Every structure is written in C-alpha cells, then in structure tokens.
Amino acid sequence: MTQSPLMNNYSRLSVAFERGEGAWLYDQQGNKFLDALSGIAVCGLGHAHPKVTAAISEQASRLIHTSNLYTIPLQTELAQRLCDLSGMDNVFFGNSGAEANEAAIKLARLYGHQRDIDNPAVIVMEHSFHGRTMATLSATGNRKAQAGFEPLVSGFVRAPFNDVEAIRTIAANNSNVVAILVEPIQGESGVRIPDQDYLNQLRQICDQQDWLLMLDEVQTGNGRTGRYFAYQHNDILPDVVTTAKGLGNGVPIGACLARGVAAEILGPGTHGSTFGGNPLACAAALAVVDTIESDSLCQKAADMGALLVEGFQREFEGAGYVRDIRGKGLMVAIELDQEVTELAVLAKVKGILLNVTGEGKIVRLLPPLILNESEASLIIGVISKLIKILVSDE
Ligand SMILES: *Cc1c(COP(=O)(O)O)cnc(C)c1O
C-alpha cells in the first residue's frame, strides 16, 4: 500500500471533483455526476450558487475574522433572521454540527445545576447521531462509533426512538433528567421518521417535567424536509434547536438556538468559540437563508421529495426485497432486506452520487433543494435499475 499523508479515518471513493454547478459535480477528467447527497445535506442550494459565491467573495475582500471580543453585525443579523424563522429568542454560533450540540449539552447541564441538580442527565435515543466530539459521541446511539473511545462522557440516559412510553418510564424513575436531545428525523442511521405526533408528545412531557426539549436539526434544518426546520411540521416550539450542515452551503457554521428559560442560561465566559459566527461564515449563511426564502426552496424540497418517493414506489411496486420507501422533503430512503453497499460505487460509475447506510441496507438520498424534475427522474431511473440488478445478482 502506498503511504498517504492523511490519517486513515475515512473510506473514500476514488474520485476527485474539480468544480460544481447546481446539482452537478465535475471530476478532474471532466466526467459529470449528479450529486444526490449534497456533501451530506450541506450544499442545499447546489454547488457554486451565485448568491453564496458573491456573498463570500465580497465579504472575503472586506473582512473575514475579528473574534468574538468585538461586535459582529453580520452575526447579529443572521441570529435575528434565524430567530424570526424559528420562533427562538437567541443564538450561539459555532462551526459545526458537533459544536452546536456541545453547546446544547452544556446549556442543559447548566440549566440542571441552576435548579440544584448535581448530576444532570440528558435523554438521548438509540440509533441517533449527534457528532464525533467526546460529548456528542457519547450522546450518539451507535456502539460501533463509540467503540474504543471509552471512557465516554457520562450524563446520558438512552431510550428507544419513537417510544413515548419509554420516556414516561424514565420520567417516573430518574429525577436527574433535565432535557431530551433528539433528531426530528434520524438522518445518519437511515432517515428514520417517527410518528407524526412524537414531537408533540415529547413537548408535553418536557412541559410536565420542566425538561428542555432540544432538537438536533443539524441535518433536517435549513429547508431539507420541506419546512425551514423539521419541527415546523408539528405545532410545537422546542426550547433548543441546533443546526449546521445546510446553513452555510459548505462554509462551516453551526448554530444553537434557544428560547425562554433556555435563552437565559449562558452568561459571559460560560461558552465560546474563536471562529464561531465570523463575518465570512455569517455572510454565506445570510445568503443561504435569503435564497431559501426568495426561491421558495422549502416548498421545492417538499415537491421534489414527494416526486422521488412516488417514483421509487412505482418502480418497486410489489418488490419483496424492498422493505420501505420513505422520505420527508429531500431526505429520502429506500430500505432493502439485503445489503447493497456496492451501490454507492456502481451509482458513481453511472454518474450519480448517493450514500448507503443502516448496515448497508438503506439507500439514502439528500439531493440539493434546487433539484429539478428531470434530475429527479434521472435519479429514479438510474438508482432503481441498479438496485434491481444488484438484488437479482444475490
Ligand atoms: C452531521 C450531523 C451532526 C454532526 O455534524 P458535524 O458538522 O459533522 O460535527 C450532528 N447531528 C446530526 C443530526 C448530523 O446529521
């Protein structure tokens, strides 16, 4: 094996992209690929979006970084936009999803201590994903991701996802709980969509128990599911929302939004980030938020997502090996009864980028919100055909 100067923590496909435009990526040989993954739900506006490019270029030529020792007007402006969109009261900015969740976990702990709970605990779910830092890895419900990194951070209580009774049982037995941290739709473990009233029920329990309802919208936020935030499909407000991936369209930025008591917890010196909310990232995110609104990208994501799900349902009607076809907006999954890990490579050869997750049995699609109908048809046609070939080979 040739020695790489990179640590060996990723298994990568052998393709390198040189440029992108809209839903398409071009490799160094000039081959084009329809990006049905958007850099893992990051480039929601597609690649090289002119408004984002202009915002970044203009800001880069003016001012990139000053630190949070000073006022950053673009940060205040972005925070206000996000509060208006979400119903939250204020925002802390970091640079990634994990950092946004770290902030939420720290908020929950401070909230607990302020209420004289010495060992505050946060309820987290099986099959969840919250990041790779020690606290967010400990919150994550995936033993494989945690293996070898013990001792994990304590203070998490695990419950099955989409199981309200399990949460009630914890409430009756554990007086250290101060918050629930949950994804409205579990992304990394395979687009797991809970019952329609799940979040409403969690909201009710949190109200009864004085717990914070903290939603990890790192993946589901920023229009991905057909609303700006996924909880907006329900008639509730959380206490804390975290987001990141799609917020900067590729420029690293993460945000932890809070409301009510949760918005009053952090004081000067309690938390921080050198890069968090820098002018460059905020300029990019403001362009993203503007464009999602001006181009009705939430509605487009809802429409295109429905088209994808219907298309796959038509293609796989009566196919016994397909366990489920599901989606909300442009978070779409085809769950099979067998492993199809090679699909990512085969689809790449056919010019489509996607991801296979859930022990290799769940095909996950996260195309950009700007996807058009002919691109959606192409995805349906190529992927259906490949799955049929792969499955008949078994
Ligand atoms: C990707 C993801 C994270 C981690 O985000 P990073 O930016 O990789 O740290 C956290 N939560 C959810 C739901 C995610 O999908």
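Whatever order the structure lists ligands and atoms in, that order sets their numbers, starting from 1. Being a predicted model, the structure only gives us computed values, none of them experimental. Residue indices begin at 1 and follow the sequence shown.
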Ala244-ligand 1 polar pair, N/O distance under 3.5 Å: no
Under 4.0 Å from any heavy atom of Glu183, which atoms of ligand 1 are there? 13 (C)
Side-chain heavy atoms of Leu82 within contact of Leu247, under 4.5 Å: yes
Heavy-atom protein contact below 4.0 Å for atom 15 (O) of ligand 1: yes
Is atom CG of Asp235 surrounded by more than 12 heavy atoms (other residues, nucleotides or ligands) closer than 6.0 Å? no
Can you tell me which residue and heavy atom of the protein come closest to atom 11 (N) of ligand 1, and the distance to 0.1 Å? Asp216 OD2, 2.7 Å
Taking all non-hydrogen atoms of both residues, which atom of Lys348 and which atom of Leu353 are closest, and how far apart? CG-CD2, 4.0 Å
Where do Cys256 and Val240 come nearest, in terms of heavy atoms and distance? SG-CG1, 3.8 Å
Those atoms of ligand 1 less than 4.0 Å from some heavy atom in His130: 10 (C), 11 (N)
Atom of Leu369, atom of Lys300 and distance for their closest heavy-atom approach: O-CB, 3.9 Å
Return the closest protein heavy atom for atom 6 (P) of ligand 1 as residue, atom name and distance. Gly97 N, 3.5 Å
Atom 1 (C) of ligand 1: nearest protein contact (heavy atom, Å): Lys245 NZ, 1.4 Å
If the cut-off is 4.0 Å to any non-hydrogen atom of Asn101, which atoms of ligand 1 fall inside it? 10 (C), 11 (N)
With nothing but distance in play, are any N or O atoms of Ala98 less than 3.5 Å from an N or O of ligand 1? yes
When only distance counts, is Val218 in polar contact with ligand 1, meaning an N/O pair under 3.5 Å? no
Where is the tightest heavy-atom contact between Ala255 and Ala100, given as atom of each residue plus distance? O-CB, 3.4 Å
Relative to the heavy atoms of Ser96, which atoms of ligand 1 are at a distance of less than 4.0 Å? 7 (O), 9 (O)
Short list, please: which atoms of ligand 1 are under 4.0 Å from a heavy atom of Gln219? 15 (O)
Salt bridge check: are Asp197 and Arg203 linked by an N-O gap of less than 4.0 Å? no
Is the shortest side-chain heavy-atom distance between Asn162 and Met125 below 4.5 Å? no
